[in-house]
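These numbers come from a predicted model, not from an experiment. Remember, it's 1-based here, ligands and their atoms both numbered in the order they're listed.
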Amino acid sequence: MSTLRSIVELYHDIRSLLFPECCMVCGEHISSTMHGICPRCRLEIPVTNYWLRDDNPAKERFDGLLPIVHGSSFFFYRGNSLWRTLIHRFKYGGMWQMAYNLGEWYGAELKASEFYDDIDVIIPLPLHPIKTLKRGYNQARYLADGIAKSLGASVDSHAVRRTRNNPSQARRKRRERWEGVDDLFRVTKPERLRGKHILVVDDVMTSGATLYGCMLAIHTAVPDARISFATLAVTQYISHL
Ligand SMILES: [Zn+2]
């Protein structure tokens, strides 16, 4: 073993003694090489495998609404699951590093599926600036950064803006979620997106209405852009109402 390697391993050993890392999902102690999620939780994540199929329930939500190239979600968003708690922690609890780590993992799966190989630009679903200020960050941005690292694409968080600070979709009735999304987003820098394959990224898809609003704005402003999407989680039962 080289001296340098011994020194690096010693550094990691001392660091893990001083700052033991925990699994982001179950809280078990793990090594720093596991990127925040222990092997058992990685096995137990309720994955959809949607990214391996060109026709899947997440993408089918937009059938007849928009020409989507590819679309997928990583895992199911289920009530009381640890994975759901995890999303709440990185969304509202300031733990943005989780979003990045999960994005990196999801991005590696997307890359392996080969459907997402030619993505040029990743657009994190924009929050309204007031909400970003209140929260301190947009969690979709960190997800997008993680996915971008794995896919080798760039992230553009300024080409699309949110026009209104509407109430949280989670608190709205299903029918209300689809109202007013047609002008909820505006493309401010269409020249950056022309002719590109764009991946719109968000954390959770419930009805898909907000995601639809963002993709519609891009499709309208930049008709020659190809649009795909990737959400980290998806609710299992879908309604267009
Ligand atoms: Zn765990």
Side-chain angles (χ1 to χ4, degrees), residues 5 8-53 56-58 71-113 115-116 122 124-125 127 135-153 155 168-170 199 201-206 211 229-238:
R5 198 167 155 202
V8 169
E9 287 188 357
L10 185 64
Y11 164 76
H12 283 295
D13 286 348
I14 293 170
R15 188 175 177 275
S16 65
L17 273 174
L18 294 174
F19 310 104
E21 294 197 27
C22 296
C23 170
M24 296 186 297
V25 185
C26 69
E28 284 290 311
H29 287 299
I30 53 172
S31 83
S32 60
T33 56
M34 290 176 186
H35 300 289
I37 301 168
C38 77
R40 195 185 57 162
C41 286
R42 281 177 186 266
L43 280 176
E44 290 179 355
I45 186 171
V47 288
T48 64
N49 285 319
Y50 287 171
W51 62 93
L52 301 172
R53 297 161 45 192
N56 64 64
S72 75
S73 305
F74 192 30
F75 59 84
F76 290 114
Y77 190 70
R78 291 178 181 148
N80 301 323
S81 79
L82 289 169
W83 292 97
R84 182 178 171 142
T85 309
L86 184 67
I87 287 179
H88 276 255
R89 284 165 71 195
F90 76 59
K91 197 165 179 171
Y92 306 110
M95 305 187 79
W96 55 265
Q97 180 67 37
M98 291 179 180
Y100 181 85
N101 286 356
L102 286 166
E104 205 178 357
W105 180 13
Y106 185 22
E109 300 291 347
L110 294 175
K111 174 103 182 151
S113 82
F115 286 130
Y116 301 83
I122 299 182
L125 194 103
L127 284 181
R135 199 175 287 177
Y137 59 94
N138 176 3
Q139 72 284 353
R141 170 65 204 256
Y142 292 105
L143 265 179
D145 283 346
I147 291 173
K149 188 182 175 217
S150 297
L151 285 183
V155 176
S168 166
Q169 290 288 67
L199 185 72
V201 164
D202 198 15
D203 50 5
V204 183
M205 175 156 65
T206 46
L211 184 60
F229 72 86
T231 71
L232 188 66
V234 64
T235 49
Q236 208 156 358
Y237 301 103
I238 300 158

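Annotation: ring-ring contact (aromatic ring centres under 6.0 Å, His included) contacts of Tyr77 (sequence neighbours excluded): none. Residues forming a ring-ring contact (aromatic ring centres under 6.0 Å, His included) with Phe76 (at least two apart in sequence, or on another chain): Tyr50. With sequence neighbours left out, the ring-ring contact (aromatic ring centres under 6.0 Å, His included) criterion links Phe74 to Trp51, Trp105, Tyr106.
Taking distances strictly below 2.8 Å, the protein N/O/S atoms close to the Zn ion (ligand 1) are Cys23 SG, Cys26 SG, Cys38 SG, Cys41 SG.
Screening Thr231, Val201, Asn138 against Leu143 for a side chain to side chain contact (heavy atoms under 4.5 Å, CB included) leaves a single residue, Val201.
In this structure, Asp202 contributes its side chain and Ala140 its backbone to no donor-acceptor pair below 3.5 Å. A donor-acceptor contact shorter than 3.5 Å links the side chain of Arg89 to the backbone of Met24.
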